[in-house]
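The structure displayed is predicted, hence computed values, not measured ones. Side chains included, hydrogens not; waters and symmetry mates left out as well; all remaining heavy atoms used.
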Amino acid sequence: MSKEITPVYLQENPSLIQRMFGDYYLEYASYVILERAVPHIIDGLKPVQRRILHSMERMDDGRYNKVANIVGDTMKYHPHGDASIGSALVTLGQKGLLIDPQGNWGNILTGDAAAAPRYIEARLSQFAKDVVYSPKVTEWKLSYDGRNKEPVALPVKFPLLLAQGALGIAVGMNCLILPHNFNELIEAAIHYLRGEDFELYPDFPTGGLLDVSGYNDGTGNSRLRCRAKLDTSTKKIIRITEIPHGTTTESVIQSIENAMEKGKLKVAKIEDNTAATADILVHLHTGQDVEKTCNALYAFTECQVSISPKAVVIVDKKPVFMGVSEILKINVDNTKDTLRRELEVQLAELQESWMQASLEKIFIENRIYKVLEESESWEQSLTEIEERLQPFVQDFIRAVTREDVIRLTEIRIKKIAKYEIHEAEEHIRGLEGEIEQCRKNLAQLTRYTIRWFEKLQKKYGANWPRRTELTTFDTVTRAVAAVENETLYIDEEGFAGYGIKKGGEAVDKCSTMSDILIIDNQGVLSIRRVQEKFYVGKKLLHISVLRPTDDWVFNMIYRDGKEGITYAKRFKLGGFTRDKEYQLTQGTKGSRVFFFTVHKTEEESSAMQVNVYLKNQLRRLRRPIPFDFGKLRVKGRGVLGNIVTKNQVERISRIIPSAAGEEGTDAPAPETPATPVGTLSALLDGTTEAPVAEPQPPAPAAAPPAPTDEQQGLDDSIHEQMGFEF
């Protein structure tokens, strides 16, 4: 095969190639947007849907037609093959609004597909005949091959786009308009025609619960949450009776099984009894918490889905983004305009019927037809008839034309012989009444349009009750809903995770979605998502499972730098970003954490007291200095803290409260940075004492006898000179 050679003029002008491909791509994108994926604002239909309905109207004789025949006839208008036509026809039939289906058309609950087109049948619904078609006011164009005519847009007299919804993916954009309730659309249309405010919210054929707090009129920044309806009235069984929009019972069950395989959900078994309505039974284990299981179903399965609608429609051959309220207003205005044009056509037809009936009555009653016997020529007959009609011209609504005269001469002798003047006058009076009513409707067009919508609601509204319940519900986070069926372990090598069991020490129960709080001996705090095995370090102050309900308070005494000031602080965790490190000290090189404890409540934290021992004190002055954490306010983790002393600290020990009437005793504090991970489990149950370092520090010397008042005064004076802050 010879290699294709680029023409010289394209090699010399590469921008020409760019423009050529740009033009081709633009034409393709425009065609997909306008002719395939995005619905038209006027009738709410995509081209393939419009062509299907047009073909069905041409074939309609009141009986069912094979879908294969409908597809074949539609191919005269739609140039994209039978597969796309058949799929679009089944989708229209499943919505149940415009098409009356017969046979196996699939199931939107289970996701079962429809039977082959040769086995199923369809015909237009009465609703479609009432609101979709009006040939006398329809704008027509030639089909793609120029052999047939098809409508530019069907004159739909109802907000069909919002009733059916639409989904389409075009080049560079996508469209998702959710279906709305039939009766609510009519009520909103009436409110708009009366100049009143209205609200519109989606309604799905699959039912479910819908939180519309983020709907935002269905624009691009809308976000909805749709939940399955769960029935927990039966003991040990959760019954799913309605499913979210866009899901099927099969996909819901599959999502539950996937959550079970990943350990995020525990149930005994699942049973599917779906028939005309959804009915999925989730059997629980004995003693299993129903509320927690429901939360897990919402968090990890398709029992809750998020929907982000985006309304895009074709307006004047361009895609336009707009909200559902604006779409409804345009549809109602179009309905009003279509009704006006129909009334104008009807008025013109009634006036023409009245004109012909009046001419016929005068022609027969005054025996003007005798002219045909007396005239010598055809032209003379026509001229004499026109002259004989002149005395009555002032009563006509328009001038008499030669075509009117010719039509009079074509009246049969049989009709003239049996003509009844009384019946003719009754017929003319009936036409005059209809003309008067038609003019009245045109003069009161808004009221007439309201009556049109009320008539539709009275005729069809009972078939379309609201199926989706509007409500609001709290967000169920996955971390909260996850079942804690794993255990967090930590080993001597500095690794943690729920996959470490051999040689590891159990820390706490956790789920595969849990967050882990880690604080190392340098005072660096971080939050990490639990894994089977991950490195946390060998020297830690604290490690635990972080739960949303935790409100821990941390007590800490540290030295800023190698020979800096010693600070104390009480703080809470506050907000955080996963895997980001937060300095609890000031991060100065040589900083050291002397004391660190974790408490479940502020009261427990404030009850903590310690003894501070200073370096290089005289033997007779070597007494601990008590420090009470209750004097400190609880602040954020990044606070510097209160000064404990400006002198060097040797060690700090916790004061263990003693029985009434006895003195408290010291408990050794950890020697950082030498805290092994194997001793950290003491912190995990919320106890107030920090872990003890290994090897154990030497026991503190026995406390000297209580000082006299004179000696205590001397000690206080010396401590004040040494810079200790009380």
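Judged purely by distance below 3.5 Å, without hydrogens or angles, the side chains of Y192 and R194 never pair a donor atom with an acceptor atom. A side-chain donor from one of S213 and D211 sits under 3.5 Å from a side-chain acceptor of the other. At a cut-off of 3.5 Å, with distance as the only test, no side-chain donor of N183 or E187 sits close to an acceptor on the other residue. Using modelled atom types, one finds no donor on one side chain facing an acceptor on the other under 3.5 Å when comparing E360 with Q356. Side-chain N/O atoms of W105 and Q94 include no donor and acceptor closer than 3.5 Å.
For H245 and F204, the distance between ring centers is under 6.0 angstrom. Aromatic rings of Y460 and F158 (six-membered ring for Trp) have centroids beyond the 6.0 Å cut-off, not under it.
For CD of E432, the number of neighbouring non-hydrogen atoms (other residues, nucleotides, ligands) closer than 6.0 Å is greater than 12. Within a 6.0 Å radius of OH in Y144, other residues, nucleotides and ligands contribute more than 12 heavy atoms. The number of heavy-atom neighbours closer than 6.0 Å to CG of D197, taken from other residues, nucleotides and ligands shown, is 12 or below. Atom CD of E199 is surrounded by 12 or fewer heavy atoms from other residues, nucleotides or ligands within 6.0 Å. Counting heavy atoms of neighbouring residues, nucleotides and ligands inside a 6.0 Å radius, atom CD of E196 exceeds 12 of them.
A salt bridge is absent between E403 and R407: the closest approach of a Lys/Arg side-chain nitrogen to an acidic carboxylate oxygen does not fall below 4.0 angstrom. At a threshold of 4.0 Å, the pair E426-R429 counts as salt-bridged, since one of the basic side-chain nitrogens sits closer than that to a carboxylate oxygen. Under a 4.0 Å N-O distance rule, the pair D333/K329 does not qualify as a salt bridge. Between R63 and D61 there is a salt bridge, with a side-chain nitrogen of the basic residue lying less than 4.0 Å from a carboxylate oxygen of the acidic one. The pair R398-D404 meets the salt-bridge criterion, since a charged nitrogen lies less than 4.0 angstrom from a carboxylate oxygen. Of the charged side-chain nitrogens involved, at least one lies within less than 4.0 Å of a carboxylate oxygen, so that E379 and R402 count as a salt-bridged pair. Of the charged side-chain nitrogens involved, none lies within less than 4.0 Å of a carboxylate oxygen, so that R467 and D203 do not count as a salt-bridged pair.
Of the candidates H54, M56, R50, Q49, M56 is the only one forming a side chain to side chain contact (heavy atoms under 4.5 Å, CB included) with I52. Just one of I190, D337, T338, L339 meets the side chain to side chain contact (heavy atoms under 4.5 Å, CB included) condition when paired with T449; it is L339.
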Practice prompt. For the pair E384 and R388, evaluate salt bridge (charged side-chain N to carboxylate O under 4.0 Å, His left out) and give the outcome as yes or no after the intermediate values.
Written response: CA-CA 6 Å; E384 285 196 36; R388 298 281 294 272; 5.4 Å; no

Worksheet item: Can you list the steps and then say if R147 with K76 is a side chain to side chain contact (heavy atoms under 4.5 Å, CB included)?
Response: CA-CA 8 Å; R147 290 188 174 92; K76 295 189 298 185; over 6 Å; no

Fill in: Residues D217, E326; criterion side chain to side chain contact (heavy atoms under 4.5 Å, CB included); working and verdict
CA-CA 9 Å; D217 205 34; E326 187 65 23; 5.6 Å; no

